[in-house]
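Just so it is clear, the model here is predicted, and its values are computed rather than measured. Each chain gets a letter, A, B and so on, in the order the sequences are listed, and its residues count up from 1.
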Amino acid sequence: MPELPEVETIRQSLSKLIVGKKIQRIELRYPKIVKTDKEYFIQNLINQKIVSIERKGKHLFIVFDKDVLLIHLRMEGRFYLKEKRSIPSKHEHVIFYLTNDQILTYHDVRKFGTMHVYPKDSYQQIEPYQSIADEPWQQDPSVFFEKIHTKNTEIKGLLLDQRIISGLGNIYVDETLFHARIHPRRKGIDITKDEAKRLIESACYILEKAIQLGGTTIRTFEAMEGIHGRFQNELCVHTKKGQPCLICGHEIQKIKVKGRGTYVCPNCQT
DNA sequence: AACGAAACCTGCGCGC
DNA sequence: TGCGCGCAGGTTTCGT
């Protein structure tokens, strides 16, 4: 999926395109995407104006007059803004008809994405919002250290846990661990206070740079139609199996950590 | 508490 | 060309 920088890129693009518009009609072609009441989803957003688009971690929030639509894109969710008359593809599962002859379509080949609708005044006290941890730049390094140093599990898994720190996914975790020179298989319990601080700093550095470059485009991900990120040019380890490490020249390895493909420089990362 | 595997889905590239 | 397998930027659930 889009990780934090990709979701932020989508948020920015979408803000320019749809804030101020109203919903005229909603077509829910694959109902399982919506996890709250489906009738409420289809009926209650009609005639509400889109006030703003927000983000926390990898979640996107379309804020309406009264309600908020919470969206998680998971692996392959995307939005397209199209002409009303265009023929939807079989992967466009939700269609929002806007009051200007345009449609906003939710496209998701694997159908993993989720949507929830809640009233504006309560959504922050309810799942899934409630469990989203602070983003790297909101994290206090010593609080982060306290959260991980009791855990006898691999640091990569802890960094991927959105209840501990939000925004990192498989690509940016690998890049963060490389930047912090920490091996993904190290256990939380073995991470020192100084290393915990380094991890937070590296995550901030990597994510901020990725946001500036509009995210990472590998495989087929794009923020909106035709919008491609440029961070893939900055990747140091992810997708670099067999290539020499930029720092020491040692061959980058691909290993499996917690079931995820993981790229590591076994010389720099200890 | 923590692990791996499976589940949710589909498509792509690979070797045969 | 076709088939089977492994893999994919996420997360939850289930069994051990």
Notebook entry, point to check: Are H91(A) and dG11(B) close enough that a side-chain N or O sits under 4.0 Å from OP1 or OP2?
Noted result: yes
Rounded to whole Å, NZ of K156(A) lies from P of dG10(C) at a distance of 9 Å
inquiry  = For the base of dC9(B) and the side-chain ring of F112(A), does the geometry meet a stacking cutoff of under 5.5 Å between centres and under 30° between planes?
reply    = no
From CD of E76(A) across to P of dC12(B) the rounded distance in Å is 10 Å
Pairwise P distance, dC9(B) and dG2(C) [rounded to whole Å]: 27 Å
I189(A) CD1 to dC3(B) C1', in whole Å, measures 16 Å
Remember a base hit wins even if backbone is also touched, and classify K35(A) as base, sugar-phosphate or nothing at under 4.0 Å, heavy atoms. nothing
**Asked** On a whole-Å scale, what distance lies between the C1' atoms belonging to dA1(B) and dG10(C)?
**Response** 22 Å
Taking the six-membered ring for Trp and the full ring for Phe, Tyr or His, determine whether the centres of F61(A) and Y129(A) are under 6.0 Å apart.
-> yes
OP1 or OP2 of dC3(B) under 4.0 Å from side-chain N/O of T153(A): yes
Taking a pair to mean Watson-Crick or G-U wobble geometry with both distances below 3.5 Å, dC9(B) pairs with none
| query | Using a cut-off of less than 4.0 Å, is there contact between a side-chain N or O of K258(A) and OP1 or OP2 of dA2(B)? | reply | no
From the candidates dA2(B), dG11(B), dG10(C), the one with an atom nearest any side-chain atom of K151(A) is dA2(B)
Heavy atoms from other residues, nucleotides or ligands near NZ of K84(A) exceed 12 (cutoff 6.0 Å):
yes
>> Between K49(A) and D65(A), does any side-chain N to carboxylate O distance fall below 4.0 Å?
In response: no
**OP:** May I ask you to verify if any side-chain N or O of R260(A) is less than 4.0 angstrom from the OP1 or OP2 atom of dC7(C)?
**Re:** no
Ranking dA2(B), dT11(C), dG10(C) by distance to the side chain of Q162(A), first place goes to dT11(C)
In whole angstroms, the gap separating C1' of dC9(B) from CZ of R29(A) amounts to 17 Å
Donor-acceptor contact below 3.5 Å, side chain D174(A) vs main chain I171(A): no
Closest to the side chain of K90(A), out of dG11(B), dC8(B), dA8(C), is dG11(B)
Using a cut-off of 4.0 Å on non-hydrogen atoms, how would the nucleic acid contact of F231(A) be classed: base, sugar-phosphate, or nothing? nothing
Margin query: For a quick check of understanding: with a heavy-atom distance under 4.0 Å over all strands, which category does D108(A) fall into, base, sugar-phosphate or nothing?
Written below: nothing
Next on the checklist: Let's go through R198(A) and I182(A) carefully: what are the C-alpha distance in whole Å and the side-chain angles of both, what is the deciding distance for side-chain contact (heavy atoms from CB on, under 4.5 Å) to 0.1 Å, and is it a yes or a no?
Outcome noted: CA-CA 9 Å; R198(A) 234 160 66 205; I182(A) 293 168; 3.8 Å; yes
Could you check whether G259(A) gets within reach of a base, just the sugar-phosphate, or nothing at all, counting any heavy atom under 4.0 Å? nothing
I164(A) atom CD1 is separated from dA1(B) atom C1', nearest whole Å, by 13 Å
Rounded to whole Å, NZ of K32(A) lies from C1' of dT10(B) at a distance of 14 Å
Identify whether any heavy atom of K254(A) sits under 4.0 Å from a base atom; if not, whether one sits that close to sugar-phosphate; answer base, sugar-phosphate or nothing. sugar-phosphate
**OP:** Ignoring backbone atoms, establish whether K58(A) has a side-chain N or O less than 4.0 Å from OP1 or OP2 of dG10(C).
**Re:** yes
Closest to the side chain of H72(A), out of dT10(B), dT11(C), dA8(C), is dT11(C)
- Message: Just checking Y205(A) against H179(A), ring centres under 6.0 Å apart?
- Response: yes
Rounded to whole Å, the CD1-P distance (I171(A) to dA8(C)) equals 11 Å
When rounded to whole Å, the NZ to P distance for the pair K241(A) and dC7(C) reads 10 Å
